[in-house]
Visitor: 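Just dropping this structure here.
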Amino acid sequence: MKISKGKLFDLYAVMLKIRLFEDRIVDLYARGLVPGLAHLYIGEEAVAAGACAALRDDDYITSTHRGHGHVIAKGAELKLMMAELFGKKTGYCKGKGGSMHIADMKIGILGANGIAGGGLPIAVGAGLSAKWRGTDQVTVSFFGDDASNNGTFHEGLNFASLHKLPVVFVCENNQYGISVHQKQHQPITDIAIRATSYDMPGVVVDGNDVIQVHEAVTKAVRRARAGEGPTLIECKTYRWRGHHEGDPNQGSRYRTKQEIEEWKKKDPVKRLAEKLLADKVVTKKKLEELEANILKEIEGAVAFANESKFPSQEELYEDVYVEG
Amino acid sequence: MKISKGKLFDLYAVMLKIRLFEDRIVDLYARGLVPGLAHLYIGEEAVAAGACAALRDDDYITSTHRGHGHVIAKGAELKLMMAELFGKKTGYCKGKGGSMHIADMKIGILGANGIAGGGLPIAVGAGLSAKWRGTDQVTVSFFGDDASNNGTFHEGLNFASLHKLPVVFVCENNQYGISVHQKQHQPITDIAIRATSYDMPGVVVDGNDVIQVHEAVTKAVRRARAGEGPTLIECKTYRWRGHHEGDPNQGSRYRTKQEIEEWKKKDPVKRLAEKLLADKVVTKKKLEELEANILKEIEGAVAFANESKFPSQEELYEDVYVEG
Amino acid sequence: MREITYAQALNEALRECMKEDERVILLGEDIGKYGGIFQVTAGLLDEFGDKRVIDTPISEAAFVGASVGAALTGMRPVAEIMFIDFTTVCMDMIINQMAKMHYMFGGRGKVPMVLRTNIGAGRGAAAQHSQSFHALYVHIPGLLVAAPSTPYDAKGLLTEAIKNENPVIFVEHKKLYVEKGPVPEESYSIPFGKADIKREGKDLTIVATHALVLRSLRAAEEVAKEGIDVEIIDPRTLTPLDKDTILKSVEKTGRLLVADEGHKTCGVAAEISAIVAEEGIYSLRAPVQRVCSPDTPVPFSPPLEQSYIPDEKNLIPAIRRLMEYT
Amino acid sequence: MREITYAQALNEALRECMKEDERVILLGEDIGKYGGIFQVTAGLLDEFGDKRVIDTPISEAAFVGASVGAALTGMRPVAEIMFIDFTTVCMDMIINQMAKMHYMFGGRGKVPMVLRTNIGAGRGAAAQHSQSFHALYVHIPGLLVAAPSTPYDAKGLLTEAIKNENPVIFVEHKKLYVEKGPVPEESYSIPFGKADIKREGKDLTIVATHALVLRSLRAAEEVAKEGIDVEIIDPRTLTPLDKDTILKSVEKTGRLLVADEGHKTCGVAAEISAIVAEEGIYSLRAPVQRVCSPDTPVPFSPPLEQSYIPDEKNLIPAIRRLMEYT
Ligand SMILES: Cc1ncc(C[n+]2csc(CCOP(=O)(O)OP(=O)(O)O)c2C)c(N)n1
Ligand SMILES: Cc1ncc(C[n+]2csc(CCOP(=O)(O)OP(=O)(O)O)c2C)c(N)n1
Ligand SMILES: [Mg+2]
Ligand SMILES: [Mg+2]
């Protein structure tokens with residue numbers, strides 16, 4: 001597969017947007033402006049960007065507790081995200097969901113999810129639904145290495161393969177549950193081998209290489225659209241920060257600083273930037289412009305969130321049920 | 001592995017005991033003497049007999065809704081079983097459990113289980129416990145083909161392998177859930193391949209050949225005792241009767257009479273009897289004697305059950321909690 | 001009017017809704033060729049094919065979760081869990097996903113699905129196949145909970161459940177499947193949150209659910225001989241609960257007995273009792289009595305199980321006791 | 001007496017029990033190096049090693065089920081589920097196995113294990129990380145349910161839970177982990193089923209659980225200024241429930257307010273209210289009031305979450321309302 005220069009640049013733009021958005025969250029969180037739990041995706045941007053670029057607007061994703069990257073890559077508006085993270089009425093969920101529950105049916109975001117492994121069965125249902133409705137929509141389900149030990153993984157993949165559903169299971173293997181290393185949570189190294197149990201293809205890619213991710217997901221999406229069934233794709237990657245903001249010293253209770261530094265050298269964003277420059281896809285200036293534009297968008301989002309109102313007390317009781 | 005003649009005869013005796021016990025249940029159920037649900041094991045006797053013969057008295061099993069065979073093979077007393085099936089106070093569970101909950105800690109029966117897949121995590125715990133206590137006890141966990149689609153299978157096998165626990169997972173693939181054929185419940189034919197996902201050995205055997213079952217389980221038990229971890233063994237077999245007594249026409253709503261007849265030709269009990277005779281392990285007379293003795297034991301059990309009292313009303317409130 | 005069974009009434013509701021709306025599909029174990037363990041889906045596979053009547057693996061989390069995903073994306077799934085006991089294996093999909101999405105997402109997305117299941121002891125099926133813990137779902141906001149007691153209510157409430165925009169836990173009762181009653185041939189809905197007065201009376205109110213409605217009606221006939229005139233209110237849906245009808249009845253009778261097959265502690269009967277203690281206490285001239293299953297697992301042995309099940313043997317003495325207060 | 005936090009008190013109970021009895025082992029996610037998400041198991045891995053402090057995969061059904069199997073075969077496991085919200089993914093192991101085995105097996109076999117978890121909103125963690133549905137476990141017979149409100153109770157109840165022969169759902173409260181209070185250095189047990197009178201008073205009884213005890217104490221101080229003398233009863237265990245102490249207090253005060261952080265409908269407060277409506281109605285001179293979480297999922301936005309959480313803002317007006325009845 002040949003990725004066009006334009007596409008490569010677009011991938012980069014998405015990755016950078018995720019990175020800068022979350023860099024800003026780090027800062028806002030530290031200053032107490034973002035309440036609750038913020039599980040950051042920094043270091044893993046290539047997965048979301050590469051995967052979602054293989055999707056159409058009307059395709060679906062299910063996301064995780066670490067969902068900012070997925071939803072930005074699927075097209076979520078930063079303003080609405082930021083307002084949600086601030087708990088404001090103008091946010092994606094009117095302030096009711098926060099970081100772990102961002103959803104937008106219009107662009108196929110079936111929700112971030114606070115339950116590890118919770119998204120897989122939902123993705124399977126979106127797949128069944130697309131099949132029943134006779135559309136060729138595809139669903140990508142993101143989940144982590146440790147979530148692959150949950151029963152929902154097993155039940156979900158079995159069901160999807162049994163009915164040849166148009167679902168792509170994207171496992172983000174960042175090598176850790178919260179503090180638990182993969183070696184302590186499963187006796188295997190490549191999660192992709194679990195695909196065999198469900199008679200579906202399993203693929204391992206370098207999750208810090210957006211091109212590899214994008215190619216693997218594109219192939220799986222093609223297969224899914226053609227009615228040939230699901231694929232399991234494992235993306236090897238790493239999270240730079242603690243499990244969530246507030247995890248002391250970026251998780252150095254359970255991993256070495258050295259390990260973190262090693263992985264920072266494999267920075268997927270920088271890596272792509274260097275390639276873009278080396279291959280003369282873009283000029284340095286263009287990259288700087290891009291960054292400036294994104295930063296401006298983020299500032300706009302922060303301003304929007306800041307200026308927005310908190311929901312009023314009565315709203316507590318709204319949206320429990322669909323009325324009428 | 002060479003199985004001694006004496007052992008072969010013992011295996012036969014267990015299989016015949018299971019068969020004749022359940023034949024009697026068919027009759028008692030039809031006459032309304034056994035209340036509730038009776039899931040019969042007829043046709044699958046070689047699995048329980050072959051597996052449990054590889055165990056010591058202090059080893060453990062977890063069983064299923066279709067548990068009569070497992071518990072008889074592990075050494076349960078027919079009298080106490082029969083009384084339990086009648087709902088009598090003298091039964092294994094004082095009449096509180098019935099067919100699906102027979103348990104006897106003294107001989108390592110950690111309970112039949114009404115929840116499909118419910119036994120696997122419990123077996124894993126017994127394995128952990130043996131390891132912690134520094135004994136070399138092994139646990140065999142029985143479960144069906146359709147139960148292998150439940151999340152507990154996945155979580156249980158992963159955990160057992162991770163900690164190299166002394167557990168043997170014995171899947172009784174009789175090709176059906178209740179009415180759902182394996183083709184409709186999973187996209188694979190050999191469940192044993194799922195072992196790969198947990199880095200453990202997976203073995204397929206003819207579940208109607210007690211020698212094959214026994215050899216495979218013996219090997220797995222040896223491995224487990226040696227601290228080398230769990231094994232998944234799939235035994236291909238078939239249930240002759242309906243899912244439970246009362247399933248119309250032995251399940252001919254969802255399978256053909258012809259299929260049932262084909263499998264009856266592979267009768268594991270008859271097959272072994274013929275081998276015993278052909279190899280001159282026993283005489284016909286010895287076999288007849290054996291049958292007569294078992295039948296006598298069963299009659300004794302029925303008489304015991306019949307004569308026993310129902311529990312008194314106050315017992316309803318006992319055993320909810322351990323007192324004192 | 002013709003009489004059909006509760007199971008047939010449910011079957012009819014499913015058939016009619018499937019005919020009317022092709023987004024309605026069924027998922028569950030053995031609902032196809034087998035027709036469902038209680039024959040509620042009998043004949044539907046033949047009529048609608050295996051794309052709409054789907055026999056599932058023993059993967060409740062997968063297929064209930066898939067129903068959530070399908071509902072979110074435009075379908076109207078009706079999932080069947082063979083016994084309420086087994087809803088424990090997919091509780092996360094029910095409590096954390098199905099019930100909460102609409103709220104968590106701030107109104108974006110809805111989950112119009114039905115989870116059909118059943119409660120009730122009395123079949124000698126012991127502790128893991130006989131439970132009645134529907135109260136767990138009444139405790140969780142975001143779910144609607146239906147509890148039909150007659151064939152008529154079964155059909156009308158299931159039709160409403162399927163058409164409703166919210167997730168519904170549709171709690172049937174095993175012992176009622178074979179009960180017959182008059183049911184219109186045409187399609188109809190019973191709105192949620194409207195109790196039905198199953199018997200009018202002036203001396204004592206019984207709020208009864210599921211099989212306890214039938215058992216209360218029998219108890220009422222019995223005590224009528226002693227001149228006691230019992231009113232029986234069947235809430236029909238537990239969420240929403242029609243508390244006005246209950247409070248009004250208690251205002252009239254001054255005596256309340258709540259009868260529900262769930263365990264007593266923290267059950268539906270506790271809630272109804274607490275509502276009256278909070279909002280109708282001045283109507284009461286006697287303590288509020290609950291007739292429920294005891295706080296023990298369901299025993300297997302038939303005599304124990306009979307003594308476990310709340311019925312006339314518990315209702316009649318409770319009624320008499322309440323009538324001693326004047 | 002020295003003061004330590006609720007989390008430290010729990011940690012101490014675990015340490016002492018592990019030292020005393022080598023059958024006590026811990027399983028849970030991130031309980032090892034991480035020390036548990038709320039630091040309750042901090043230091044225990046170092047002290048007892050990874051054979052007794054086991055970090056598990058995200059496989060709650062496996063490790064809670066394994067705890068059941070281990071308990072059945074002679075161990076005394078203490079499992080930690082990070083938030084009560086996640087107990088939904090292993091509910092079958094809790095409700096159908098752990099709770100019922102002793103009964104189903106007719107007394108053969110016992111399951112002496114503890115499942116530690118926590119409830120409570122107030123950390124901006126939204127609908128799937130802030131629930132308080134401990135009532136679900138109170139509804140299920142076969143389980144004991146503990147609900148400590150102070151560091152002292154936390155240590156004593158956890159010690160008792162570990163030594164108890166029955167399965168215990170040990171429900172901690174997130175917002176209490178950092179609260180300090182006096183705790184003896186030596187090991188001690190608090191028996192289950194004995195309520196503690198956290199404040200004596202004569203005008204009104206508040207039965208309060210978990211963080212509502214603290215909040216009620218503050219509310220009581222506030223209304224004391226108006227001359228209202230509140231008695232606060234902390235049941236400490238919800239199963240068994242010390243109803244005698246509650247009934248006796250109500251007999252004295254004539255007014256009852258029940259305060260629990262669970263949802264109102266079918267919650268613990270409903271049960272306590274129903275008990276009094278059944279057995280103590282003649283002591284009441286006012287309706288029974290419940291102060292609970294509303295029947296909505298927990299919202300994320302801080303101002304909404306604050307208004308969601310039941311506390312003094314709800315308690316004080318409720319007390320005043322009840323005092324209007326004379
Ligand atoms: C069912 C469940 N159990 C536990 C948790 C707590 N928890 C949140 S994230 C997490 C680790 C997830 O690890 P992984 O799946 O690898 O995703 P990552 O955080 O590495 O992206 C855990 C244990 C949860 N959210 N859901
Ligand atoms: C979790 C759960 N779901 C559904 C059931 C109902 N049920 C009882 S047995 C059974 C089929 C079991 O099939 P399999 O595991 O192959 O065992 P078999 O009956 O063939 O021995 C089902 C669906 C159950 N007991 N538990
Ligand atoms: Mg991870
Ligand atoms: Mg089978």
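Quantities reported herein were computed from a predicted structural model and do not represent experimental measurements. So that the names make sense, note that chain A is the first sequence line, chain B the second, and so on, each numbered from 1.
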Visitor: Using side-chain hydrogen bond (donor to acceptor under 3.5 Å, both in side chains), reason through C:D260 and C:T209 one step at a time and then give a plain yes or no.
Guide: CA-CA 5 Å; C:D260 175 77; C:T209 63; 2.7 Å; yes
Visitor: For the residue pair B:I42 and B:E22, what are the closest heavy atoms and their distance?
Guide: N-OE1, 3.1 Å
Visitor: Considering only heavy atoms, which portion of B:S312 lies under 4.5 Å from any heavy atom of chain C: side chain, backbone, both, or neither?
Guide: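 Backbone only.
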Visitor: Can you give me the closest heavy-atom contact between C:M91 and C:L136, atom names plus distance?
Guide: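 In this case the closest contact between C:M91 and C:L136 is CE-CD1, 3.8 Å.
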Visitor: According to the side chain to side chain donor-acceptor pair (under 3.5 Å) rule, which pairs have a member within residues 38-50 of chain C, sequence neighbours left out?
Guide: C:R15-C:E47
Visitor: Which bit of B:Q186 is near chain C, if near means a heavy-atom gap under 4.5 Å: side chain, backbone, both or neither?
Guide: neither
Visitor: Is the side chain of C:E222 donor-acceptor paired with the backbone N or O of C:A219 at a distance under 3.5 Å, no angle test?
Guide: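 Checked: no pair found.
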Visitor: Give me the ring orientation class for C:Y177 and C:F38: parallel if the planes are under 30° apart, tilted from 30 to 60°, perpendicular past 60°.
Guide: parallel
Visitor: Can you confirm if the NZ or CZ of C:K33 lies within 45° of the ring axis of B:Y254 and under 6.0 Å from the centre of its six-membered ring?
Guide: no
Visitor: Can you confirm whether B:V140 sits close enough to B:F169 that some side-chain heavy atom of one is under 4.5 Å from a side-chain heavy atom of the other?
Guide: no
Visitor: Salt bridge (charged side-chain N to carboxylate O under 4.0 Å, His left out), that's the test. Do C:R215 and C:E261 meet it? Break it down for me.
Guide: CA-CA 11 Å; C:R215 296 169 194 161; C:E261 193 158 334; 3.0 Å; yes
Visitor: Under the side-chain hydrogen bond (donor to acceptor under 3.5 Å, both in side chains) criterion, do B:Y92 and B:H101 qualify, and how do the steps go?
Guide: CA-CA 9 Å; B:Y92 260 114; B:H101 304 297; over 6 Å; no
Visitor: Indicate the atoms forming the closest heavy-atom contact of B:T90 with B:A83, along with that distance.
Guide: OG1-CB, 3.3 Å
Visitor: For B:N249 and B:G251, indicate whether the former's side chain and the latter's backbone hold a donor-acceptor pair under 3.5 Å.
Guide: no
Visitor: B:E84, B:R253, B:Q313, B:H185: which one forms the most heavy-atom pairs within less than 4.5 Å of chain C?
Guide: B:R253
Visitor: How would you list, in number order, the residues of residues 80-89 of chain C that have a heavy atom less than 4.5 Å from chain B?
Guide: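 Checking residues 80-89 of chain C against chain B gives C:M82, C:F86, C:V89.
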Visitor: Quick check on the interface: out of C:S307, C:P302, C:P299, who has the most heavy-atom pairs with chain B under 4.5 Å?
Guide: C:S307
Visitor: Answer with side chain, backbone, both or neither: which region of C:I54 has an atom nearer than 4.5 Å to a non-hydrogen atom of chain B?
Guide: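 Neither part, no heavy atoms under 4.5 Å.
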Visitor: What residues of residues 188-197 of chain B sit under 4.5 Å from chain C when only non-hydrogen atoms are counted?
Guide: none
Visitor: Looking only at heavy atoms, which two atoms of B:S179 and B:Q184 are closest? And how far apart?
Guide: O-OE1, 4.5 Å
Visitor: Using a heavy-atom cutoff of under 4.5 Å, enumerate the residues of residues 63-71 of chain B that contact chain C, numbered in order, or state 'none'.
Guide: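 The residues closer than 4.5 Å to chain C amount to none at all.
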Visitor: Does any heavy atom of chain B fall under 4.5 Å from the side chain of C:A125, the backbone, both, or neither of them?
Guide: both
Visitor: Counting only non-hydrogen atoms closer than 4.5 Å, does B:N113 touch chain C with its backbone (N, CA, C, O), its side chain (CB onward), both, or neither?
Guide: both
Visitor: Does the side chain of B:E262 pick up a donor-acceptor pair with the side chain of B:Y238 at under 3.5 Å?
Guide: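 Judged by distance alone, the side chains do not pair up.
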Visitor: Can you tell me which residue among B:E315, B:E314, B:E307 is in a salt bridge (Lys or Arg N to Asp or Glu O under 4.0 Å) with B:K89?
Guide: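 Of all the options given, the one that passes is B:E315.
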Visitor: Taking every heavy-atom pair that is under 4.5 Å apart, which of B:N149, B:L316, B:T152, B:D319 has the most such pairs with chain C?
Guide: B:L316
Visitor: Where the side chain of C:R52 meets the backbone of C:V24, is there a donor-acceptor pair that is under 3.5 Å apart?
Guide: yes
Visitor: Sort out for me which of B:G91, B:G114, B:S99, B:P248 touches chain C most, counting heavy-atom pairs under 4.5 Å.
Guide: B:G114
Visitor: When heavy-atom pairs shorter than 4.5 Å are enumerated against chain C, which of B:K88, B:K94, B:K96 gives the highest number?
Guide: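 Result: the option with the highest number of such pairs is B:K96.
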Visitor: Tell me whether B:Q182 contacts the main-chain N or O of B:Y176 through its side chain, where contact means a donor paired with an acceptor under 3.5 Å.
Guide: no
Visitor: List the steps, then state whether salt bridge (charged side-chain N to carboxylate O under 4.0 Å, His left out) holds for B:E234 with B:K236.
Guide: CA-CA 6 Å; B:E234 175 184 5; B:K236 309 269 195 191; 3.0 Å; yes
